[in-house]
Visitor: 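Mind having a look at this structure? Questions to follow.
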Amino acid sequence: MKRSQTFIRTTKNAPADEVAKNAQLLIRAGFIHKEMAGVYAYLPFGLRVLENIKQVVREEMNTIGGEELLMTTLQPRDIWEKTNRWDDAVVDNWFKTKLKNGTELGVGLTHEEPVVDAVSPYIDSYKDLPIYVYQIAAKFRNELRAKSGILRGREFLMKDMYSFARTQAEHDELYEKAAAAYTKVYERLGIGGQTYRTAADGGYFTERFSDEYQTVSELGEDTIYIDEVKKLAINKEIYTSENLVKLGLKKEDLVEKKAVEVGNIFPLESKYSDTLGLYYTDENGKRQSIIMGCYGIGVSRVMGVLAEHFADDRGLVWPESVAPFRVVLINIGSSSNVMKNTTEVYEKLQQSGVQVLWDDRAEARPGEKFADADLMGIPHRIVTSEKVGDGKLEYKARTQSETKNITLSELLNILVV
Ligand code: ATP
Ligand code: MG
């Protein structure tokens, strides 16, 4: 697209009340808008990043057999009462609302209860299982602190998947398949190297651990102990000699780090299915419990982690897999030669399926265009000018400072199209 066609502008300063670096950068780049503390709108370029992250997550969930659906934000009170999660004394971060007649409703903070309700009509016999369903949708939580930008929102985007299995063994298989898919997701998003599967508390109704996916970062709220060789970690919350033995980890192999939880997977046993009356009949006509698992990824939190983790003093530095555009094209001057050259590059990239932003603003000085390209974090920069000359393009990667002159076909090689 052409820069002159968007209403988006970059700004020098983020709002004074915005303390988190991820939100400061994203606001300055024109990617998000702060509506109020913990609540952010995604502007067109920010939405592109979010959609790219969603797409990676979606592809990996589909690969393991996940079926996408979309559940509701408004939720009936009765199902939450059955599982004892309605009471504010039990779940302290509910947003609740009311119908005109006074009936109380929940504003979705998670979806274990509603998902059981939604699949119930379709599960009778052993032939209907196993299934995996997931959605990518907004969650609402009345978080006490909302000072970490999009890392901790009161409204945020989550991918939540739920598995339904016939036996513990079948559940374990689904669980490990999802774990492997999570590893792929974080690799594709560029944080595979610093994200660890981390044993954590499984919750009050299971003896098992849950698994968090923790990305090492100074801004993390969690403390984890990492075994670099095994590529595993244990959360400080459950760090005991007994648990180390259970996990086959040795104290002397572990390094303490701060980390951000970018996802987690939980064994739910049959707590929700039993309580809400969802069972199946086996081959012998006998009623059996359904073993569930749940699998979350903080989609908008991941965007915040990427924004903050890869930033430098000039701005954002998006990994290729999520960048809003892969190439920013900047023309210096508007002589007929330069315009012809730039148009050719722009059209060729578009034909090749490369997302390109042409900063065609006539009023902006080259220095402003360069600064914006850096702030927005677009991986590849191309400059056309009389000085670079006909048939040549000045190329610079966002992560480097030196430029080089290349041809259009060399550019296409760099972009592997
Ligand atoms: P946390 O301990 O960070 O509050 P959680 O245990 O409440 O997370 P879940 O309810 O399991 O997390 O949600 C799944 C994922 O959603 C988390 O791993 C995290 O990445 C993300 N997430 C949770 N709360 C928020 C929030 N307030 N804002 C943005 N992302 C969140
Ligand atoms: Mg929480």
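Both ligands and their constituent atoms are indexed starting at 1 by order of listing.
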Visitor: What verdict does the side-chain contact (heavy atoms from CB on, under 4.5 Å) test give for Arg301 and Leu157, after you've listed the backbone C-alpha separation in whole Å, the side-chain angles of each residue and the deciding distance to 0.1 Å?
Guide: CA-CA 8 Å; Arg301 179 179 288 184; Leu157 201 64; over 6 Å; no

Visitor: Assess Lys236 against Tyr225: is NZ or CZ under 6.0 Å from the centre of the six-membered ring, and within 45 degrees of the ring's axis?
Guide: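 No, Lys236 does not lie over the aromatic ring of Tyr225.
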
Visitor: If you draw the axis of the six-membered ring of Phe95, does the NZ or CZ of Arg154 fall within 45° of it and under 6.0 Å from the ring centre?
Guide: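 The answer is no; the distance or angle limit is not met.
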
Visitor: Anything with a heavy atom under 4.0 Å from ligand 1 counts, so go ahead and list those protein residues by chain and number.
Guide: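 Heavy-atom contacts below 4.0 Å: Arg141, Glu143, Leu151, Arg152, Gly153, Phe156, Met158, Glu261, Val262, Gly263, Asn264, Gly298, Arg301.
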
Visitor: With under 30° as parallel and over 60° as perpendicular, where do the rings of Trp86 and Trp94 fit, or are they tilted in between?
Guide: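 Because their plane-to-plane angle lies in the 30° to 60° range, the rings of Trp86 and Trp94 count as tilted.
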
Visitor: Check the angle between the aromatic planes of Phe325 and Phe45 and answer parallel, tilted or perpendicular using the 30° and 60° thresholds.
Guide: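 Rings of Phe325 and Phe45: perpendicular, over 60°.
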
Visitor: Just say parallel, tilted or perpendicular for the rings of Tyr186 and Tyr182, cut-offs at 30° and 60°.
Guide: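 The arrangement is perpendicular - the two ring planes meet at more than 60°.
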
